[in-house]
Amino acid sequence: MPATVGRRTDRLAPFRNRNRARATDRRAVVRASMVAAVAYAAWLAIGAFGRPYNFFDMKIYHGAVVWWANGNELYNFIAPDTNLGFTYPPFAALVMLPMSWLPVDAAGWLNALASIAALAVALAALLRPIVDRLGWSLWFTVGIATPMAVAIEPSRETLGYGQVNLLLFALVVADLVGLRWRAKRGTHHDTANSALARFVYGGAWAGVGIGLATAIKLTPALFIAYLMITRQWRAAMIAVGTAMSVTLGTFLLVDTESRAYFTGVLWQTGRVGAADMTANQSLAGLLARLYDSIEAPGLLWLAFAVLVLVLGLSRAASARADGDELTAFTLVGLTANVISPISWSHHLVWVIPAIIVLADAAVRRREASRGHLPRVTSAPPTSGVPALRPPIWYPALTGLRHGVGALTLYLLFLISPIWPYEHQLPEMSHYQDGLFGALLENSLAIALIVLVAALPWRPGAEPAFYHDRLVRAAQLTARR
């Protein structure tokens, strides 16, 4: 009898495997349908809340490199029907030079596809520790997160105008991954077969992304200052070395343009635009609009900028010390957005990891309340102390404020209420629609300042320094 049962069981095994495979296929179809639905909803949201996009900035870049390729001076280019020219360092022009071989629309769409791919890879890197902890599917999570991230103001403006912010964001995130991998030295990554794989997974290259981003656009240089403050000397020196190497190499290749940029163009702030323009959601833009002036009051802006700089870098250093390198990087990126004289709304890509941090903080606090909060806290019957019961609603509300913060921040940057209240001096005052209109016109800048001051970090979430501490502890033990 047992043998017969065993044979029957074996005969049923293929059917069970087939049913299991069908269930897996159905689950994959459902997930793919959900990703497609979210992507379609993101497309509708861009149409509802976005602005008309025609690769405006890409046309300037493309026109400038075509002008340059034809033997003209790069920084003498002025786009037709505008007073705008090329404002990036000459290394960025070298990187963009191949665009001169393509029609401008093809260059714009190629940049958009590359930017979306870079965003998806960056999101995979940022979300990997979270989905591993929660047991979620990485591809499905990234498939949902990518169109959601594309729909919000910084991403859709970057894509629609043909900007490079998502590509620079991915370069900086690559260094975050490198620091994470360096912290895991001594794991299975060290057993990789090839020297190249050991070099990549060893994270010894961390700093190259920040260096390249700094050579293309100067604001990522604040990440170098952060690396130095937190004594991540290797990554800091690699970043400095990379930025200096490509910049000096550019001097050797295009000496005239390099001298023109660093001795003149860099200091011509009027080439970028007026501080009070609604799209400028930096501290300087906020102050200029509050004072109803074309430019921000210089001493007041400098005082507040230094305060925000100290606050942002100190909170970033504290986040790192508590083992949350992602929040540290996010605080540095947000601080750079706030203190920069010009931070167009498409520059504000660091709000994306801020939303991730807030959402994960909510999940972590809810997990902690479920795992560690006792149902009944009792005292010995003879102690005279009554038994304590936590409120029944306490676990359900744990992490609620962080979850609400993440949702509010996402909706704010999805709807982007700055544009219905856009004003421009001297045509009309920034108080044209009263205090409420002024508040909404500055809402993104206010949100950035609040994030710098109050973004929570998650102790132990993803440290990038444990290996070094273990090595030092082992060395001290050996000496004793």
Side-chain angles (χ1 to χ4, degrees), residues 45-64 75-88 108 152-163 165 219 265-302 304-305 337-348 351 412-449:
I46 292 172
F49 303 117
R51 298 190 291 165
Y53 300 119
N54 61 353
F55 298 135
F56 180 84
D57 290 343
M58 175 58 68
K59 290 177 180 177
I60 298 175
Y61 304 152
H62 184 271
Y75 295 105
N76 288 340
F77 172 78
I78 300 296
D81 302 322
T82 74
N83 60 350
L84 302 175
F86 194 81
T87 57
Y88 286 125
I152 64 175
E153 174 78 9
S155 301
R156 68 190 182 214
E157 292 277 301
T158 291
L159 300 174
Y161 279 88
Q163 271 285 348
N165 304 290
T219 49
V265 174
L266 177 60
W267 316 106
Q268 297 171 5
T269 56
R271 293 174 64 99
V272 181
D276 78 304
M277 295 177 67
T278 301
N280 180 21
Q281 291 292 308
S282 69
L283 174 64
L286 170 66
L287 291 174
R289 289 185 291 272
L290 290 180
Y291 274 80
D292 213 21
S293 169
I294 292 178
E295 298 298 333
L299 289 178
L300 187 63
W301 169 76
L302 181 61
F304 277 110
N337 287 150
V338 173
I339 67 174
S340 175
I342 298 290
S343 288
W344 305 126
S345 62
H346 56 75
H347 291 167
L348 313 182
V351 76
L412 175 66
F413 278 82
L414 178 69
I415 298 171
S416 190
I418 62 175
W419 299 118
Y421 299 92
E422 181 180 12
H423 303 106
Q424 180 69 52
L425 292 171
E427 286 81 7
M428 61 179 66
S429 166
H430 290 285
Y431 292 95
Q432 189 81 18
D433 295 301
L435 288 175
F436 181 74
L439 176 65
L440 291 182
E441 190 180 14
N442 293 294
S443 56
L444 303 189
I446 295 171
L448 294 182
I449 295 172

remark   = dist N83:CG -> I78:CD1 (nearest 0.5 Å) comes out at 7.0 Å
query = Where do W344 and N165 land on the side-chain contact (heavy atoms from CB on, under 4.5 Å) test, with the steps shown first?
reply = CA-CA 11 Å; W344 305 126; N165 304 290; over 6 Å; no
ask   = Taking all non-hydrogen atoms of both residues, which atom of P341 and which atom of S282 are closest, and how far apart?
value = O-OG, 3.1 Å
task = Report yes if some heavy atom in the side chain of D433 is under 4.5 Å from a heavy atom in the side chain of H423; otherwise report no.
result = yes
query = Counting N and O atoms only, with roles assigned by atom type, does the side chain of R156 sit under 3.5 Å from a partner on the main chain of L414, one being a donor and the other an acceptor?
reply = yes
task = Indicate the atoms forming the closest heavy-atom contact of A274 with I342, along with that distance.
result = O-CD1, 4.2 Å
key: Gap separating the CG atom of L283 from the CG atom of N442, nearest 0.5 angstrom   = 10.5 Å
key: Step-by-step side-chain contact (heavy atoms from CB on, under 4.5 Å) determination, Y53 to E157   = CA-CA 8 Å; Y53 300 119; E157 292 277 301; 2.7 Å; yes
inquiry  = Can you list everything that forms a side chain to side chain contact (heavy atoms under 4.5 Å, CB included) with Y291? Sequence neighbours excluded, please.
reply    = S293, P297, L300
query = Shortest non-hydrogen contact from T278 to E441?
reply = OG1-OE2, 2.6 Å
ask   = Are side-chain heavy atoms of V338 and S343 found at a separation under 4.5 Å?
value = no
query = Atom CZ in R289, atom CD1 in I418: separation rounded to 0.5 Å?
reply = 7.5 Å
note = NE2 (H347) and OG (S340) are apart, to the nearest 0.5 Å, by 7.5 Å
ask   = Would you call the rings of Y88 and Y61 parallel, tilted or perpendicular if under 30° counts as parallel and over 60° as perpendicular?
value = tilted
ask   = More than 12 non-hydrogen atoms from neighbouring residues, nucleotides or ligands closer than 6.0 Å to CZ on F304, yes or no?
value = no
request  = Check A296 against A275 and note the closest heavy-atom contact, atom names and distance.
outcome  = N-CB, 4.3 Å
inquiry  = Could you check whether any side-chain heavy atom of E295 comes within less than 4.5 Å of a side-chain heavy atom of W301, counting everything from C-beta outward?
reply    = no
ask   = Given side chains that start at C-beta, do those of H346 and D57 come closer than 4.5 Å, heavy atoms only?
value = yes
query = For the atom pair CG (L439) and CG (L290), what is the distance rounded to the nearest 0.5 Å?
reply = 9.5 Å
remark   = Taking every heavy atom of N337 against every heavy atom of L448, the minimum-distance pair comes out as CB-CD1, 4.0 Å
inquiry  = Please evaluate residues W419 and S345 with respect to the criterion side-chain contact (heavy atoms from CB on, under 4.5 Å), reporting the C-alpha separation (whole Å), side-chain torsions for both, the decisive distance (0.1 Å), and the verdict.
reply    = CA-CA 11 Å; W419 299 118; S345 62; 3.8 Å; yes
message = Are the side chains of Q424 and D276 in contact, using a 4.5 Å heavy-atom criterion?
response = yes
query = Between P154 and V351, is any pair of side-chain heavy atoms under 4.5 Å apart?
reply = yes
ask   = Rounded to the nearest 0.5 Å, how far does CE of M58 lie from CG of L159?
value = 10.5 Å
key: Criterion side-chain contact (heavy atoms from CB on, under 4.5 Å) on N54 and K59, from CA distance to verdict   = CA-CA 9 Å; N54 61 353; K59 290 177 180 177; 3.9 Å; yes
key: Side-chain touch D292/Y431, heavy atoms, less than 4.5 angstrom   = yes
query = Heavy atoms, side chains only, cut-off 4.5 Å: are I60 and T87 in contact?
reply = no
message = On a heavy-atom basis, which atom in L444 and which in S416 lie closest, and how many Å separate them?
response = CD1-OG, 4.0 Å
